[in-house]
Amino acid sequence: MALVLWGSDNIKSDGGPIGQALALKPALRQRMQLVSKCGIRLRHPNRPAHALKSYDTSAAHVRASVEESLRALQTDHLDLLLIHRPDAL
């Protein structure tokens, strides 16, 4: 049985207790499904490069968001990536 956890997003999360737990016990990763979200650029102290609130689902932003989530969660992969909101048509 897997434990499903919402891990991180590209707005304000730093991985928190999930990243800390995985750092202490990497074997827990096999029992988890980690989910992250991306697509919003929002001003926040954890994301100083985001100058204004906007939606961004460009390949570059999605890749950067995933890399940040992986670093924060101290893991090498995510099980699911969600887009906060699709770009306007």
Side-chain angles (χ1 to χ4, degrees):
M1 181 169 110
L3 175 62
V4 177
L5 295 173
W6 293 93
S8 183
D9 63 30
N10 70 325
I11 297 175
K12 58 189 177 292
S13 181
D14 62 1
I18 297 167
Q20 293 168 7
L22 289 174
L24 293 173
K25 292 192 171 195
L28 287 174
R29 179 62 180 97
Q30 298 172 18
R31 299 175 52 205
M32 297 179 178
Q33 293 182 351
L34 293 177
V35 178
S36 189
K37 300 176 281 181
C38 69
I40 297 177
R41 289 182 173 270
L42 184 63
R43 285 186 286 184
H44 190 275
N46 289 347
R47 303 292 181 264
H50 296 182
L52 58 106
K53 180 181 177 183
S54 63
Y55 299 102
D56 184 355
T57 57
S58 68
H61 182 69
V62 169
R63 277 192 296 273
S65 297
V66 168
E67 290 298 324
E68 178 61 24
S69 291
L70 294 174
R71 183 202 58 74
L73 292 168
Q74 301 187 44
T75 189
D76 64 348
H77 70 281
L78 298 171
D79 297 292
L80 181 64
L81 180 67
L82 303 173
I83 303 294
H84 277 287
R85 181 176 294 166
D87 288 335
L89 297 176

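Just so it is clear, the values below take in all heavy atoms, side chains as well, and ignore hydrogens, waters and symmetry mates.
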Heavy-atom pair with the smallest gap, counting every atom of [X] and [Y]:
{"X": "A21", "Y": "L28", "result": "O-CD1, 4.1 Å"}
{"X": "Q74", "Y": "G19", "result": "NE2-O, 3.6 Å"}
{"X": "T57", "Y": "G39", "result": "CG2-CA, 4.3 Å"}

Student check: side-chain heavy atoms of V66 and C38 closer than 4.5 Å:
no

Reported [atom1]-to-[atom2] distance for the pair [X] and [Y], which is rounded to 0.5 angstrom:
{"X": "S65", "Y": "L81", "atom1": "OG", "atom2": "CG", "value": "8.0 Å"}
{"X": "L22", "Y": "M32", "atom1": "CG", "atom2": "CE", "value": "4.5 Å"}
{"X": "E68", "Y": "H61", "atom1": "CD", "atom2": "NE2", "value": "11.0 Å"}
{"X": "L70", "Y": "L34", "atom1": "CG", "atom2": "CG", "value": "9.0 Å"}

Test side chain to side chain donor-acceptor pair (under 3.5 Å) applied to R29 - qualifying residues, sequence neighbours left out:
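In terms of side chain to side chain donor-acceptor pair (under 3.5 Å), with neighbours along the sequence ignored, R29 is linked to T75, H77, D79.
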
